[in-house]
Structure formats: structure tokens, C-alpha cells
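Worksheet: one structure, shown below.
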Amino acid sequence: MQCKICKNRKAVALLRHHNLRICDSCYSPWLERRVYSTIKQFKLLSKKDKICVAVSGGKDSLSLWTILVKLGFNAEGLYIHLGIEGGYSDKSLEYVKLTSEKLNKKFYIINVKHELGKSVPEFPSKRGTCSTCGLIKRHFMNTFARDNNFTVLATGHNLDDECATLLGNTFNWELGYLERQSPLLEERDGFVRKVKPLCLCSEKEMLLYAMIEKIEYIEDECPYSSSATSIFLKEILNKVENRMPGTKMRFYKEFIKKKNLMFKGNREELSPCKICGTPTTDEFCAFCKITGALKKFREESVNRSPVELASREGETNPVPEQQNR
Ligand code: SF4
Ligand code: ZN
């Protein structure tokens, strides 16, 4: 079968949803054009942006970084070392280094154990390691990008990831999460702009891109991924897609098109967390609750009670009577 684009070379893939047979030479430019048109359609990025790409060492984030650089965007990487056992995090880091060298672009590392005294799996978690992991990653991605003058944070979520999230949130009618699910989250109250330029590219399309572009990435699964609900939801979605091709794309695109009608004016108000300043709907953010910062803050507040402070000061440096009143 011939490639439908160049009409010359042998096709290596049939993209059923796009009704396209395509050869290996035409594939990468075709996918890069699609990513570029997603960027334009949702007004995700401009050439003036300083982009922080969250790279995990996996195929999607490393491909995203590659595509953005090839498209002429100013994109640097951020790797969050989670401290996953069995050398998983160390190995992932090696792949990030390889891509960074290949692209000749800088990347930064945040080591969770150095920052918080514990690796991600060491945090006790009622809702599972992945939930804690996601929260910690989101926190560091946002604070790092914000504090280092990046104008935008880009993540490698693909269409399958987005559909799994959408399905999970719909099952639970998580209205707050549904409202925030979007290819573009504008900068707001201490959150940097967040974009997902791969949101219309499927998992299979990204895998083929990584293979053709010879992107080296971690192929092992994270040991915690087997318990991740998203994997189960993706299996369900794949079954539906096989039976009804195009379902995933429709599910996601129609949601994005219609969600503004559903959520008009229902936006939750955010205020800075009293400890770390991260925007939150509560007094303290989820990151501070999970990492023990809130516990420490409360303990310190007790220690700093006015009675104790006055008596402590009184031992070494008597407070003038006037000030005690
Ligand atoms: Fe983190 Fe879970 Fe992903 Fe592993 S599978 S990196 S624990 S979110
Ligand atoms: Zn906080």
C-alpha cells in the first residue's frame, strides 16, 4: 500500500480515524503539523513564550519536547525525581539527559527526597501513591515554572490520557475537576499557564512518532502504575474505540466545545495557601496537608503561643511591661 501523502513510498501505518495510510518519511512532519494546529486552535503558545516542559523520561513528554524544539519554540525541560524504587527514577533521568543532549536544550531537576525529606512512595497515602505523586508533581511544576520566569508549563498528556481523566471525573461527577480540564489553563492567581499540546494525538500516534524519531525513552512501567485507575479506564476506552472508531476524539473534543456552556459562572474562588502560597479553595493547600507541612505549621503555632513566647523572652531578655499589655 502506498503512502497517501507522498504517493511514492510504502505506507507503514494506517490511521483509521484520519483515513490515512502513511509512510515513515511523511509521518513525523504530519504529526508535528497536527501538534502545531492544536497549538494554534487553542492559542496555547507563542514564539515569545519561555516554555517549561515537564519531562518524565516517557515517550510522550520527550516527544513533546522534541516537537516543540523542532517547531522553533523556546522550550527547556523540568524533571522531577520522585525516588521510585528499583532504579526507575534514576533510569528515567538518563533518558531525559539523552534528549536534552540531542536537542541541545537545558533541563532542570527537582529531587523530591531532597526537597521534602521523603521520596514519593514514602508518603503515607489513603488514596494511593499515584494520587500523592500527582499532587506533588503538580505543586513542584507550578512553583518551579512560576519562580523561574517561565511563561508557560507544557505537559505531554495525550488524547488517551485526557479521555481517561474525563471518564473518571464523569463517573464521579467531579464538577470542579471537569471545569478545569482543558488543553489550556490560563495563568491565574499564582498558577502559571498550563498547556497540553498533544491532547489531540492518540497514544498509538505518539508511540509511532517516538519510534520513527528514534527517541529513547523509559519503556518500563512505573511499579505503581498497575494500581492506577487511569490504566483501567484506558482499557475500557480502547474497547469502545475498537467497536466505534473515533469515539475518543469525539468524547474529548465535544466536551471541550460544550463545557463552557455547562460551567458558565461557576468558577471556584481561590486564595493563597497560608503556608506555601499555592492557590487553593481551602485555607491550606492539599500539598501542605499531604507533605506534613500543615502538621509542622500547627505544631510551630502552638510553640509560638503568646504565653510561651513571653515567658521564653523573659528568661533572657525581659520584655518591657508596656509591650506586654
Ligand atoms: Fe507517579 Fe503513579 Fe505515575 Fe508512578 S504511576 S509516576 S507513582 S503517578
Ligand atoms: Zn500549601
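All values below were derived from every heavy atom in this structure, side-chain atoms included, with hydrogens, water molecules and symmetry-related copies excluded. Order of appearance sets the numbers: ligands from 1, and atoms from 1 within every ligand.
- Figure legend: Lys289 and Phe284 shown without cation-pi pairing, the cationic atom not lying both under 6.0 angstrom from the six-membered ring centre and within 45 degrees of its axis.
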**Prompt:** Where do Leu198 and Glu205 land on the side-chain contact (heavy atoms from CB on, under 4.5 Å) test, with the steps shown first?
**Reply:** CA-CA 10 Å; Leu198 304 183; Glu205 287 166 6; over 6 Å; no
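- A salt bridge is absent between Glu187 and Lys194; no separation between the charged side-chain nitrogens and carboxylate oxygens falls under 4.0 Å.
- Summary of contacts: the protein heavy atom closest to atom 3 (Fe) of ligand 1 is Lys137 NZ, 4.0 Å.
- Between Phe140 and Phe287, the two ring planes are perpendicular [angle over 60°; tilted spans 30° to 60°].
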For residues 230-240, which side-chain donor-acceptor pairs fall under 3.5 Å, sequence neighbours excluded?
unit_1 : atom_1 : unit_2 : atom_2 : d
Lys234 : NZ     : Asp161 : OD1    : 2.6
Asn238 : OD1    : Lys248 : NZ     : 2.6
Asn238 : ND2    : Lys234 : O      : 3.4

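- The count of protein N, O or S atoms under 2.8 Å from atom 4 (Fe) of ligand 1 stands at 1, with waters excluded from the count.
- Within the cation-pi definition used here (under 6.0 Å to the ring centroid, within 45° of the axis), Lys97 does not qualify as a partner of Phe107.
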